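All ligand and atom numbering here is 1-based and tracks the order in the structure. Computed from a predicted model, the values in this text were never measured in an experiment.
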Amino acid sequence: VPLTEMVIHSRIRDYSVRFESTPRFLEELAAAPATIFIVDETVRRLHGAGCLRALAGADVIDLAVSEERKCLAAVEELYEQVMERSPKKNLVIVSIGGGITQDITGFVASTLYRGVRWVFVPTTLLAQTDSCIGAKTSLNFRRFKNLIGTFYPPAAVHIHPPFLESQEQLDFFSGLGELAKLLIMGGEDDTRELVRMLPLLAARDHTTLLRAISRALAIKQSYIEEDEFDTGRRNMLNYGHCFGHALETATGFAVPHGQAVLLGMLLANAVAGARGMLSAQREREYAESVLLPLVRIDAAGLAVADEVVVEAMGRDKKRTGAALPLVMIDDNHEMIKVDDLQADEVAAALARLRRTLAAGA
Ligand SMILES: NC(=O)c1ccc[n+]([C@@H]2O[C@H](COP(=O)([O-])OP(=O)(O)OC[C@H]3O[C@@H](n4cnc5c(N)ncnc54)[C@H](O)[C@@H]3O)[C@@H](O)[C@H]2O)c1
Ligand SMILES: [Zn+2]
């Protein structure tokens, strides 16, 4: 029996994630009173006559989406557009789009009247498999990415894989990076299942996507329910992200997030290998059977100086060059966080990754 619903427990409010095989759920949402849809304009253009046909007579605000627009100015414009409709506090916002749409509209929903009912329909693999649960909303401020935000879970999330058919290949493979991270964190059985599913996932087979996405969300759920406000165990979800965020920053966001996470897992595994926490054979298995087949960045895409990466990793810290935090996986599929990563280990891991990517090209 395929999974049709999960309930995420949150100290703010429990919420449901529904796996939808048809777009009929949108007819119900469109028929409900006081509902305003905020839709990524690209998704509306691509799916207006398909998945989104139920929105034909609905009240829709089109949202222009870009990382530069994930800011307070875009939020103010939405307050403006929503208030023009003289809404009441019982207003419902349904947002449809990827992680950027989620972050902007989640922030709007959490702050308008101190919180209105919000339903999220993720349309990218990254949003379906990862960001749609966890209750974080984030905005960029000046040069600070995700500086401003709130914890605000949606009332419901609806996952419908056919939206993913139109995703750009690089974005889709970026989402596969986050999906792979979560399934690897699930342990040996999930990792083996991931390897088996990989060809059908890459072909965007709906049934396989639903199975993998629901499993990835269940794994993420086990981390966030224990530590909703991100003070301890949830840190482990940063596997691939310690190096990943630094690569994104160091390349001026030329490497998409999920791709940076894949490279970040290869780098974390290289450090774990060098420290004797991960055997050479395991490191090679992760690289060859899961991570490298999903990487769409070549050696030229990693043309950044080691010092720039080290500096980007230490940006949150007072002293750069000091020891850095890193989440790794060990031979027993346990996640381990250390706080003593050294600059020379970063350089060695980068050199190794560059050799691997050059050999594959
Ligand atoms: N709140 C969280 O917990 C959280 C977690 C991870 C990432 N994020 C944020 O998510 C953002 C990245 O989100 P993302 O990768 O989901 O994508 P996105 O929202 O940035 O969208 C990427 C591009 O794909 C387009 N698009 C969206 N759906 C599409 C579809 N079905 N077909 C074709 N094109 C489509 C968009 O218009 C955009 O051009 C980042 O800003 C990141 O910081 C938030
Ligand atoms: Zn991520």
Atom CZ of Arg204 with >12 non-hydrogen neighbours under 6.0 angstrom: yes
Under 3.5 Å donor-acceptor, Glu283 side chain and Leu278 backbone: no
Please check whether Asp40 reaches ligand 1 - meaning an N/O of the residue sits under 3.5 Å from an N/O of the ligand, judged on distance alone. yes
For ligand 1, find out whether one of its N or O atoms is nearer than 3.5 Å to an N or O atom of Thr101. no
Of all the atoms in ligand 1, which lie at a distance below 4.0 Å from a heavy atom belonging to Thr42? 37 (O)
What are the atoms of ligand 1, with element, lying closer than 4.0 Å to any heavy atom of Ser166? 30 (C), 31 (N), 32 (N), 33 (C)
Can an N or O of Ile100 be found at a distance shorter than 3.5 Å from an N or O of ligand 1? yes
Closest heavy-atom approach to atom 38 (C) of ligand 1 among Val65, Asn146, Leu63 is made by Val65
Any N/O/S atom, backbone or side chain, of Asp130 lying under 2.8 Å from the Zn ion (ligand 2)? no
Under 4.0 Å from any heavy atom of Val43, which atoms of ligand 1 are there? 27 (C), 28 (N), 29 (C)
Over 12 foreign heavy atoms within 6.0 Å of CD, Glu84: yes
Tell me whether Arg234 forms a cation-pi arrangement with Tyr223, defined as NZ or CZ under 6.0 Å from the six-membered ring centre and within 45 degrees of its axis. no
The Zn ion (ligand 2) -> His257, closest N, O or S atom is NE2
Regarding ligand 1, does Asp130 bring an N or O atom to under 3.5 Å of one of the ligand's N or O atoms? no
Test your reading of the structure: does Lys145 have an N or O sitting under 3.5 Å from an N or O of ligand 1? yes
Quick check: does Thr137 get an N/O under 3.5 Å from an N/O on ligand 1? no
Crowded around Arg352 CZ? As in, over 12 foreign heavy atoms under 6.0 Å? no
Option nearest atom 31 (N) of ligand 1 (shortest heavy-atom distance, choices Phe163, Phe253, Tyr152): Phe163
